[in-house]
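Worksheet: the structure to be examined is printed underneath.
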Amino acid sequence: MQCAGMDVLRIFREEANRILRDVGVNLGVEYAKEGFGDFTLPCFPLAREMKKNPAIIAREIAEKLEGGEYYHRIEAVGPYINFHISPKKLASLTLDAVLSGEIFRFEPKGKVVLEHTSANPTGPLHVGRARNPIIGDTMARILREYGHEVEVQYYVNDAGLQVATLLWGIKNLSRDSRYRDGKCDHLLVEYYQAASRLAEEREEVMEGIRELMRRYEAGDEELREFAREKIGCMLDGIRETLERIGVHVDRFVWESEFIPIAREIAERLSDLVEEEDGAYYVDLSKLGVNMQKTKFYLYRRDGTTLYFLRDIAYHIAKGKGASYLVDVLGEDHKLHFQALRAVVNHLHPDIDMRPLFYSFVRLPEGKMSTRKGLVVYLDDLLEEGYARALEVLRDRNYSEEEANSIAEGVAISSIRYSILNVQEEKPITFRWERALSFEGESAPFIIYTYARASSIMRKGSWGGSYSPDLLVHPQEIRLLKLMARYHEVIRNSAERLSPYFLARYAYDLAMQFNQFYRDCPVLSSSGELRESRMALVEAFRTVMRRVLENLGLVPLEKM
RNA sequence: GGGCGCGUGGCCUAGCCAGGAUAUGGCGGCAGCCUCCUAAGCUGCAGGUCGCGGGUUCGAAUCCCGCCGCGCCCGCCA
């Protein structure tokens, strides 16, 4: 057994390549299409080399191949050589790897600092921004599974203009605090909205906000104390929403902490810095980078620092001791990130910064905007999801407590999955029906299969044994093959920084289990077949639970 | 105007990185399935010029070039 854990499918693949090497073919096999075996070797490249018909080459090679215990058939079909996995070997390797937990073991890897959300603490999270925490949290879970030590950070932008606007509003305006539960994010957002409107209309308001910012940067203790309290309360509201959808942040890092360090770093950038009207910027054309914009400002004319400079300081600090950094960012940050990385690497070439970009969630009417009232808050979406789930549960025999807990799990999972099941770079148009779909490609569909499997295991009593040669039904084999892929899916998802691959896998697994459930009765079978099928169900449950946990979906035993 | 991304049946979506054998699947529509391990499930039917045009290749949804449409960015905001 390798120390890296058991990547079952890779064992089969390497065996196929070994068989080919033994007859002098040094090409690797690919996955075959459904109906054409498990792996295939297209012979077109060989045909070109040997100037022979690929179909003839395929036939000649196939005749020389011996499948051994791993392959029960290897045959030429046209210009392809198709490898068919031996079901018995598949069942024994897969079930052993899953039931021993070996399939979930990955080689330990270095530390990753993953930053996500980092929304300005000026209001509640809305669904336009919800992609960030959900993708970020899931990515963190996947990287942990893959063997990394992961620290999740939320960068609190307390030093910028937006927060100064909020603070100015709280100090100078009065609002009716009519919002629910006393959640600060909902309570205080009105001050921010009102203050932003005023600042647009009246120059003296804008000046007041700037003055506040200058005092904040200068370290005015009274103001700092005021800000810590208000922003802290705002963050509590945001954190509460995050925790409700299963998103955990390890550290909230306050941007203002980096102001002194940022000033030191600016000194070290003197070879790039230029001055203009008292403001300072770096000129990235001096680095020979090919960007459409090369001037990035570090200081305003009044000497206060800008986000770009503070972010450089933050990333250098994060880079210490991390094997790499992951930033989960909206597509609007692409240019910023490119420039940021160029500067950070200019000073610290060893810091490995990797972005995970996503496109925005928009409303059918257009981009979400708190100010225009074009907004759906994440809290409201959760409440609506909860209510709809409860409605579905009404005519089932669940106690109130059970129903509430299932509805909460369904709501959280549905929302997370509706985000995760779309490639990150594709835009999403928010629709209630889609975000809260309980059928088809949805979280409830997936979790339902888990509940079905759990129900089988509750009702039967499995002795713990199985016979791999009895699991020969095509549907049993399909399910086993998919489970055997677990290792590869996690690796792919982690290395490509995309939770989406795992989301697809969850759906595929669920679909295959539903087919199995339909075709292969478990509890009404008898003897060793019953035992073996129960082993398969237990293995499915084990893999599925792990997949659900990595996606942050709630594994419900009943629903 | 320039840079980046996206463009697959009425709607949404897979496959694109590493080009191959009949282009995934869902929603909606129509027609069926609960004396049988949970019907949040399953089966069948209808529906596609893979944005358009070139190119590379034995072979292109996939790679390259051009164009069109949409989004994001091009701030002494973040």
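Note that the structure is a prediction, hence the values are computed from the model and not measured. All chains are named by letter (A, B, ...) in the order of the sequence lines, taking the proteins before the strands, and each is independently numbered beginning at 1.
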Under a 3.5 Å cut-off for both distances, is B:rC70 Watson-Crick or wobble paired, and to whom?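 With both distances under 3.5 Å, B:rC70 matches B:rG5.
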Determine which nucleotide pairs with B:rC42, using a 3.5 Å limit on both distances of a Watson-Crick or G-U wobble pair.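 Its partner is B:rG32 (Watson-Crick or G-U wobble, both distances under 3.5 Å).
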I need the CG-P distance between A:Leu329 and B:rC72, as an integer number of Å.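 About 17 Å, once rounded to whole Å.
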Answer with base, sugar-phosphate or nothing: what part of the nucleic acid does [X] contact at a heavy-atom distance below 4.0 Å?
X: A:Ser524; value: nothing
X: A:Tyr500; value: sugar-phosphate
X: A:Arg310; value: sugar-phosphate
X: A:Cys520; value: base

Generate the contact string for nucleotides 57-71 of chain B. Rules: B means base contact, S means sugar-phosphate contact only, - means no protein heavy atom under 4.0 Å. SB------------S
Nearest listed nucleotide, side chain of [X], among [options]:
X: A:Tyr307; options: B:rA78, B:rC73, B:rG20; value: B:rA78
X: A:Tyr507; options: B:rA23, B:rG26, B:rC37; value: B:rG26
X: A:Lys293; options: B:rC37, B:rA21, B:rG75; value: B:rG75

Which word best sums up how the rings of [X] and [Y] line up, parallel for under 30°, tilted for 30 to 60°, or perpendicular for over 60°?
X: A:Tyr314; Y: A:Tyr155; result: parallel
X: A:Phe516; Y: A:Phe513; result: tilted
X: A:Tyr307; Y: A:His336; result: parallel

Side-chain donor or acceptor of A:Glu425 under 3.5 Å from a matching atom on the base of B:rG5?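 Looking at the base of B:rG5, it does not pair with any donor or acceptor on the side chain of A:Glu425 (distance under 3.5 Å).
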Using the P atom in both, what is the distance from B:rA23 to B:rC16, to the nearest Å?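 Comparing P positions in B:rA23 and B:rC16 gives a spacing of 16 Å.
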Please report whether the ring centroid of A:Tyr281 lies less than 6.0 Å from that of A:Tyr299.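 Centroid separation for A:Tyr299 and A:Tyr281: 6.0 Å or greater.
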Would you confirm whether the ring centroid of A:Tyr31 sits within less than 6.0 angstrom of the ring centroid of A:Phe39?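 Ring centroids of A:Phe39 and A:Tyr31 are less than 6.0 Å from each other.
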Collect all protein-nucleotide pairs involving nucleotides 42-45 of chain B in which both atoms are nitrogen or oxygen and the distance is under 3.5 Å.
residue: B:rC42; atom: O3'; partner: A:Arg518; partner atom: NH1; Å: 2.7
residue: B:rU43; atom: OP1; partner: A:Gln515; partner atom: OE1; Å: 3.2
residue: B:rU43; atom: OP1; partner: A:Arg518; partner atom: NH1; Å: 2.9

Roughly how far, to the nearest 0.5 Å, is CZ of A:Arg310 from NE2 of A:His315?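 The distance works out to 13.5 Å.
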Below 3.5 Å is the cut-off: list the nitrogen or oxygen pairs between protein and nucleotides 16-18 of chain B, distance only.
residue: B:rC17; atom: O2; partner: A:Arg496; partner atom: NE; Å: 3.2
residue: B:rC17; atom: O2; partner: A:Arg496; partner atom: NH1; Å: 3.4
residue: B:rC17; atom: O2; partner: A:Arg496; partner atom: NH2; Å: 3.1
residue: B:rC17; atom: N3; partner: A:Arg496; partner atom: NH1; Å: 2.4
residue: B:rC17; atom: N3; partner: A:Arg496; partner atom: NH2; Å: 3.2
residue: B:rC17; atom: N4; partner: A:Arg496; partner atom: NH1; Å: 3.3

B:rA40 phosphate, OP1 or OP2, under 4.0 Å from A:Arg396 side-chain N/O: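 Indeed, a polar side-chain atom of A:Arg396 lies that close.
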